[in-house]
Amino acid sequence: MKVTALLASRAARTHRRAWAAVFAALAFTSLLLGTLALALASAGLGHPRVARYAAAALVVTGDQNTRFTATPWGSEPRTAEAGLTERVRVPAAALGVVRRVPGVRAAVADEVFPAGRDGRAAVGRPWSAARLAPWALRDGRAPRRAQEVVAGGGARVGARTVLRVGGADTAYTVVGVAGGPRTAVYFTDGEARRLAGHPGSVDAIGVLARPGVATEELSARVRAALDAAGARSVGPRADGDAAGLSVLTGNGRGGAEFLDAGPARAGLLELLASVAATVVLIALLVVSSTVVQALRQRAGELGLLRAVGATPGQLRRAVGKEVGRVAAGAASVGAVGALPAYLALRGVLDARGALPAGLELPLPPWLWAAPLVTAGVTILVARFAAVLAGAGGAKLRPAEALREAAPGTPRKVTGLVLLLVGVSSAGTAALQSGAAAGNAAGAAAVTMVSACALLGPWIADGAMRVLGAPLRRYCGPAGQLAAANCRVAARRSGAALTPVVLVTAFVGVQLSAGATLTHAGATQAREALRAGLVVRADGGLPEGAVERIRGVPGVRAATGVVRGTVVLARRETGEPRLDRLPVLGVTPQRLTRTLDPGVREGSIRELLPGTVAVGADLARSLDVRPGGTVTLRFGDGAPARLRVVATYERSLALGDFLFSRDELLRHGALPDRERVLVTVAPGDVRAARAALAAVVPGVRVETSPAPVRVAAEDQALGEVVTVAAVSAIGGFTVIAVLSTLSLIGFGRRPELRLLRLAGAGRGQLRRMLRLEAAATALTGLAVGAAVASVPLLAFSLGVARTVPYLPVAPAALIVAVVAVTTGAGTLLPARAALRGRHPGRGAAGG
């Protein structure tokens, strides 16, 4: 033990520069893992904000989850679950059941519906539900008649206001001003029920407890009472999908108000877990490569220690202690920076509006210690890398340490196998869609990069065979030296290529995959839009608005468009899966004159309730054609078996399903989401705009409408997290490039001094190093681009039906970063060896 401790201590002091590169890689690993640990833990503790029901002990709601059970091959039945983002309501009869439960002081029915107030969006509710917050009167009194309301802050008692609900304008008198949101408008209970438009059900029931009654005890009583009464959520549900009522307590109460927050939290957890797994894999690859390179520069020293009697076990333990000391300090430094890095990520998410309204991501003080756990993981990664690196070096014989060993056949075979696995994974991406295709493409890229790391010496040798001739012919003595060095030290050149290939391939795949989908979707949206005007109104359009608009002189076509969600249940490799998809509901009359989906088969004119049009890619995946049927679930959980009337091309812009507008409105899509796209005759835009405003009072008529495009609910969140992860991992791999090249450069100093003794001038050696750096950068970029192109081509052709797309700016940035880091990593460590006149050189310098 004393021998290994002494060896580790002396070696750590002697090789400070070599370990500095390892320190930087490990510190960044700890920083990334600590940041992701904080993000994962905060998302795990996340919950919808409790605002509207803050004073309620518990809230009774409909079941906002849908479930699908399937039996994988040779396994037990498994159940997938997905959140529903459309309101699932509670039967009004449940109100009486809850009121009779012992310990309930009051049970208050709540209705929430969109309204328009003075040209702005507002929210209507019954005044009795204000006590659930609690929000009290600041001025005036409670409403007593149907035409009286209490308004949020900023209103004046006695004022008359026109409110639009369900497309109808009605004048009300403000009789009170309440605390709480300025957008809230409170009606009498009877008027709120009428305006909500779903008699026999309520949105939620808020429960106030009697003094001294514990929330847990009251929740159990209410749960038992509802079960005994057989109370279920309103509306049909799929077979095997339980539809009992939910009793929410604590932070769960916020789920009754912010329906999108729960599903968004689940998506965030899945995304962060995927990023964390990628970081760990890349960290292991980069750290192992850096440690191996650090020890490779000391092969002569290790051989000498073996010659004087050190055993392989002593050398392995000494290397492990060295790496452990470096890793402990680096992991601590990274852990300290994890909290500021996480706060910066949260700031970007908030600034971009990527988090859905109402999602709280707490960060309690006790969670600040999470980076200490990931610091331990970083140390374990370093020790594992040391074991891998030290296993070969410790067995070196003194004679073997004096020359560079040729890479073995097992390494080549393993690399080729991984390359084939990566290509196969890319082929899988071509057969998948959506997130599954993206995951397969990312896995293919990482696998192929790992293969290139193993095949690096052969890649470097092949590249030098190609580049060697022009270097020797056109670059003079410096080119001849560069070509000879790269050929002779193929293993060293391969190690230098690995991080360059990694940064090029990984960043290229991640940025290009998202950019390809965005570019293709935007292109399809522009091609689909035919309308020149859009009509909208807060609080919804009046009944028959589309028909009135079609009767305006100069209007050639008008289409009502409403957004919604559906859930598609299916099996993937035998596992149950539920996909929540954004969709559009449209009025089919003359649809292609306002919004052309690019119909491939069938007729979009047959799109009525009970039917659906399916995107061509999904139709191929589901093996359906016009005349077939599709089974899915609407946003409120109701199952449907729909007849397919058409398939269409532009699904990246318009979503995978097109429904009748009336169908979506029946299943929870809010009427105030409806827009009417209008196509008018050329030259009649101004007159048609004025006529539209007159025929449908209270609407906004906008020219140059934005292209219609559906987007996944967590798209903005995914874009921000992906860009942040790519930036961080890109920075990580840049450090790896600098570290690896710097270690190689430090190890080459004796070689450079020998070349100077042999007559090479400083200028010749600088040119030689520049040419080597250029060859490394060019080869790494070419191999990285080739590695990235395989999964990207499969992904883009399979999902977007187009070639991969990467904007010029990110592509130029990748090239510039690789060129700068490769040049810096090659030239800076060699400055000491090239400085000054070498003994015996006289005035020769180059």
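We use all heavy atoms of the structure for the numbers below, so side chains are in, but hydrogens, waters and symmetry mates are not.
Pro126 and Asp189 make their closest contact through CB-OD1, 3.4 Å (heavy atoms, listed as atom of the first residue, atom of the second, distance). The two residues Leu642 and Glu663 come nearest to each other via the heavy atoms CD2-OE1, 4.1 Å. Here the shortest heavy-atom pairing between Leu654 and Val708 reads CD2-O, 3.7 Å. Contact record, Gly521 with Leu652: CA-CB, 4.0 Å, taken as the closest heavy-atom pair. In plain terms, the two heavy atoms of Thr629 and Val624 that are nearest each other are O-CG1, 3.6 Å. When every heavy atom of Pro91 is checked against every heavy atom of Val234, the shortest pair comes out as N-CG2, 3.5 Å.
At distances below 3.5 Å, at least one donor-acceptor pair connects side-chain atoms of Gln64 with backbone N or O atoms of Leu84. Looking at Arg548, its side chain never comes within 3.5 Å of a backbone N or O of Val696 through a donor-acceptor pair. At distances below 3.5 Å, not a single donor-acceptor pair connects side-chain atoms of Arg633 with backbone N or O atoms of Ala569. Arg87 places a side-chain N or O within donor-acceptor distance of the main-chain N or O of Ala256, the cut-off being under 3.5 Å. Formation of a donor-acceptor pair under 3.5 Å by the Thr594 side chain with backbone atoms of Ala557 is not found in this model. In this structure, the side chain of Thr79 does not engage the main chain of Phe68 through any donor-acceptor pair within 3.5 Å.
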For this session: Dump the intermediate steps for side-chain contact (heavy atoms from CB on, under 4.5 Å) on Phe187 and Leu163, then the final yes or no.
Result: CA-CA 11 Å; Phe187 301 82; Leu163 300 175; 3.6 Å; yes
For this session: Give the intermediate values and the outcome of side-chain contact (heavy atoms from CB on, under 4.5 Å) for residues Leu95 and Val202.
Result: CA-CA 9 Å; Leu95 187 63; Val202 298; 5.9 Å; no
For this session: Step by step, work out the side-chain contact (heavy atoms from CB on, under 4.5 Å) result for Glu191 and Val149.
Result: CA-CA 10 Å; Glu191 181 72 355; Val149 295; over 6 Å; no
For this session: Could you please spell out the steps behind the salt bridge (charged side-chain N to carboxylate O under 4.0 Å, His left out) verdict for Arg223 and Asp227?
Result: CA-CA 6 Å; Arg223 174 81 275 161; Asp227 290 343; 3.2 Å; yes
For this session: Test Arg237 against Asp63 for side-chain contact (heavy atoms from CB on, under 4.5 Å), laying out the working first.
Result: CA-CA 10 Å; Arg237 299 296 279 263; Asp63 186 0; 3.9 Å; yes
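Side chains of Asp241 and Thr66: a donor on one and an acceptor on the other come within 3.5 Å. Side-chain atoms of Thr565 and Thr85 include a donor-acceptor pair closer than 3.5 Å.
Using a 4.5 Å cut-off on side-chain heavy atoms (C-beta onward), Phe113 and Asp203 make no contact. The closest side-chain heavy-atom distance from Pro639 to Pro236 is below 4.5 Å. Contact check for Arg643 versus Glu606: side-chain heavy atoms found under the 4.5 Å cut-off. Contact of the Val614 side chain with the Phe657 side chain is registered, since non-hydrogen atoms from C-beta on lie closer than 4.5 Å. A heavy-atom distance below 4.5 Å is found between the side chains of Arg125 and Trp135. Side-chain atoms of Thr587 and Thr559, non-hydrogen and from C-beta on, do get closer than 4.5 Å to each other. Between Arg709 and Thr518, some side-chain heavy-atom pair lies under the 4.5 Å cut-off. When side chains are defined from C-beta on, Arg605 does not count as touching Val645, because their heavy atoms never get closer than 4.5 Å.
Of the residues Arg67, Arg577, Arg580, the one that meets the salt bridge (Lys or Arg N to Asp or Glu O under 4.0 Å) test with Glu81 is Arg67. A side-chain contact (heavy atoms from CB on, under 4.5 Å) with Leu132 is found for one member of Val59, Val207, Leu208, Ile205 and no other, namely Leu208. Checking Asn65, Thr61, Val88 one by one against Ser246, the side-chain contact (heavy atoms from CB on, under 4.5 Å) holds for a single residue, Thr61.
Within the structure, side-chain hydrogen bond (donor to acceptor under 3.5 Å, both in side chains) contacts touching residues 93-105 (residues at least two apart or in different chains) do not occur.
Annotation: Arg550, atom CZ; neighbour count of heavy atoms from other residues, nucleotides and ligands within 6.0 Å is above 12. Residue Glu543 qualifies as open at atom CD: its count of foreign heavy atoms under 6.0 Å is 12 or below. Residue Arg536 qualifies as enclosed at atom CZ: its count of foreign heavy atoms under 6.0 Å is above 12.
For the atom pair CZ of Arg265 and CG of Leu45, the computed distance is 8.0 Å after rounding to the nearest 0.5 Å. In this structure, the separation between CD on Glu257 and CG on Leu259 is 9.0 Å, given to the nearest 0.5 Å. Here Glu86 contributes atom CD and Phe634 contributes atom CZ; the two are 11.0 Å apart, rounded to the nearest 0.5 Å. The CZ atom of Arg89 sits 14.0 Å away from atom CG of Leu245, with the distance rounded to the nearest 0.5 Å. Here Glu111 contributes atom CD and Ser201 contributes atom OG; the two are 6.5 Å apart, rounded to the nearest 0.5 Å. Between the CG atom in Leu664 and the CG atom in Leu584 there is a gap of 8.0 Å [rounded to 0.5 Å].
With respect to Asp538 and Arg164, no salt bridge is recorded, no charged nitrogen being found less than 4.0 Å from a carboxylate O. The pair Arg666-Asp662 fails the salt-bridge criterion, with no side-chain N (NZ, NE, NH1 or NH2) lying under 4.0 Å from an Asp/Glu carboxylate O.
In terms of the side chain to side chain contact (heavy atoms under 4.5 Å, CB included) criterion, residue partners of Arg232 (sequence neighbours excluded) are, by chain and number, Ala243.
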